Number of protein chains: 2
Amino acid sequence: MRAGCALMLMTNNTEVALREISPELNDKALKVLRAATGIFLTHGFSAATTDMIQQAAGVSKATVYAHFANKEALFVAAIEAQCEKFEASVRAIRFEPGNIAKVLRELGHAYLNIVLSETALAFMRVIIAEASRFPQLGSTFYQAGPKAILSVVSEQLAHAVEAGEIDVQATGIETAAMLFFSLLRGEGQLICLMHPESRVSPVQIDHWVETAVHTFLRAFGSETSGGRVLHVASLD
Amino acid sequence: MRAGCALMLMTNNTEVALREISPELNDKALKVLRAATGIFLTHGFSAATTDMIQQAAGVSKATVYAHFANKEALFVAAIEAQCEKFEASVRAIRFEPGNIAKVLRELGHAYLNIVLSETALAFMRVIIAEASRFPQLGSTFYQAGPKAILSVVSEQLAHAVEAGEIDVQATGIETAAMLFFSLLRGEGQLICLMHPESRVSPVQIDHWVETAVHTFLRAFGSETSGGRVLHVASLD
DNA sequence: TTAAAATCAAACCGTTCAGTTCAAATATTT
DNA sequence: AAATATTTGAACTGAACGGTTTGATTTTAA
């Protein structure tokens, strides 16, 4: 009964979804999960204590252990829920159709804003830190994050190829998409992961996006796309 | 009895440096520092215990605390020493002069091999994980790693600009160098940080290097396509 | 109303942790 | 050899941890 409860929580992701199914029943379990997520994200697995979680949840310790087998299970549940939320936010990225420069700019901007948010950074830090102890969580996150956004971008790049806007023959679409995100994340993520107290300004994000799009289109743009000065015939 | 598990991660640059200053005096302190580094890299700060360190060092607990004030101080000392070692290995990268494609290829290859090594990955994981608790270590590492290699590459890019091999007017040299490393690290580092048990083959590294260099030169090469250079007379 | 289920606060358990103490043993210096 | 410093092992402290138990109280459902 206890295990089943926890499993249900893991498959349904957000509070909203669960509230609709069982209006007030799993209220406590949800409070615990939500509190646990916060504590784990700010302290990591080892430094987080079940007392912190219990206190943050406003719940007795017995209740915590009535819904989750132990600290590890609670951690896994919290991280997996966060992965689903993360993937959802990535897949919710919308952009108006247009030329590839515009699409990449919109996509890049949205993605960078997600990925450089305090929550996402704390999340990534914990995943990276605990990847050895919880290997499946690393994979789960990779699927939910990079893999998810990559499929979206790959699709857009495919359209651009058909439209003759870009030429990715040298690398293939998937690789090109990955390169775009490497350009996009590159400096920002490195800095933010290692300097948790530093805040990133919207201007800085704009600049990173512009640089990434511009560079990407210089490398892969056919002709007119992103300020390519040198017009090389596409048969090189 | 079985102390050698995490010890193998370590090598001994700091040892040399410190031995020269105080030949046999700080023998024990060094053993402690070396063991501590191994333990911290494999377990992180919180999960590492002073007993593990003491045992791995083959030293009594009193000796540990005779040389280091507490666990935090030991951690800082271990990480800072590792930063120095890391920077040294980055600055030791050598490459034969040649066209920019060749230089970038050699540089990129050496850097990627360092950065994707087990030790460097474990090191980065710990830095990222503990950046909130030890903010200065994040900065120290950033200086020792990214900043260090960036200065090397920027210099080479400057030469290439003078030689007319590349055109970085759009972004500037520093940014271009950063973009090169973003392309270089991009996928590999993301995968490796989150999948600690996965091994990277030399072939995979070669491929990443080739892709990065190729893409970079498509974006910034004056009249190149993937490394072929049209020579322009050097002005000085 | 009543019985079952869930939750509570708090004490409690066994373990582990960082760090200390100390007398004995070992090196090092003089 | 004597004096001094360093290291050792092992026991110990006090706090914190994960997790359990308990008995009282509240909530839910019939």
Side-chain angles (χ1 to χ4, degrees), chain A residues 1-9 18-19 21-40 42-79 130 133-134, chain B residues 1-3 6 18-19 21-40 42-79 129-130 133-134:
Chain A
M1 124 179 17
R2 295 173 169 177
C5 225
L7 280 178
M8 284 239 287
L9 272 178
L18 220 145
R19 257 181 217 280
I21 296 171
S22 45
E24 206 69 20
L25 192 74
N26 291 22
D27 205 20
K28 294 291 162 64
L30 241 173
K31 274 164 91 167
V32 172
L33 190 64
R34 200 155 14 114
T37 306
I39 297 293
F40 281 134
T42 53
H43 293 86
F45 177 78
S46 296
T49 74
T50 53
D51 278 5
M52 290 176 185
I53 293 170
Q54 166 232 127
Q55 195 176 340
V59 136
S60 79
K61 197 173 230 186
T63 303
V64 173
Y65 285 96
H67 291 286
F68 300 92
N70 50 38
K71 195 185 174 189
E72 275 93 354
L74 184 49
F75 182 70
V76 170
I79 296 299
E130 302 300 336
R133 204 193 316 232
F134 302 90
Chain B
M1 153 157 109
R2 57 165 327 277
L18 231 146
R19 251 181 220 281
I21 298 170
S22 46
E24 204 70 18
L25 193 75
N26 291 22
D27 203 19
K28 294 290 162 64
L30 243 173
K31 275 164 90 167
V32 172
L33 190 65
R34 199 154 16 115
T37 308
I39 298 293
F40 282 134
T42 55
H43 294 85
F45 177 77
S46 294
T49 73
T50 53
D51 277 5
M52 290 177 185
I53 293 169
Q54 165 233 127
Q55 194 176 343
V59 135
S60 78
K61 193 171 239 184
T63 304
V64 172
Y65 285 96
H67 291 285
F68 300 93
N70 50 37
K71 197 185 172 188
E72 273 92 354
L74 184 49
F75 182 70
V76 170
I79 296 299
E130 302 299 335
R133 204 191 317 227
F134 301 90

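Throughout, a chain's letter reflects where its sequence line sits, starting with A, and its residues are numbered from 1. Owing to the predicted nature of the structure, the values given are computational and were not obtained by experimental measurement.
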What is the distance from [atom1] of [X] to [atom2] of [N], rounded to the nearest Å?
X     : N      : atom1 : atom2 : value
B:Q54 : C:dT20 : CD    : P     : 14 Å
B:L30 : D:dT6  : CG    : C1'   : 16 Å
A:D27 : C:dA6  : CG    : C1'   : 12 Å
B:Q55 : D:dA10 : CD    : P     : 12 Å

Using 30° and 60° as the class boundaries, would you call the ring planes of B:F75 and B:F45 parallel, tilted or perpendicular?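 Judged by the thresholds at 30° and 60°, the geometry between B:F75 and B:F45 is perpendicular.
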
Sugar-phosphate or base contact per nucleotide [nucleotides 12-27 of chain D; S, B, -; heavy atom under 4.0 Å]: -----SBBBB------

[X] side chain near [N] phosphate (N/O to OP1/OP2, under 4.0 Å):
X     : N      : value
B:K28 : C:dA27 : no
B:H67 : D:dT7  : yes
A:S60 : C:dC8  : yes

Test side-chain contact (heavy atoms from CB on, under 4.5 Å) applied to B:T63 - qualifying residues, sequence neighbours left out: B:K28, B:V59, B:S60, B:H67

Please tell me if the side chains of A:T50 and A:V64 come closer than 4.5 Å, counting only heavy atoms from C-beta onward. no

Side chains of B:H43 and A:S46 in contact at under 4.5 Å (non-hydrogen atoms): no

Could you check B:Q54, B:M52, B:Q55 and say which one makes a side chain to side chain contact (heavy atoms under 4.5 Å, CB included) with B:I39?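 Exactly one candidate clears the test, B:M52.
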
Donor-acceptor under 3.5 Å (B:K31 side chain, B:A56 main chain): no

Classify A:V59 by what it touches in the nucleic acid, base, sugar-phosphate, or nothing, heavy-atom distance under 4.0 Å. sugar-phosphate

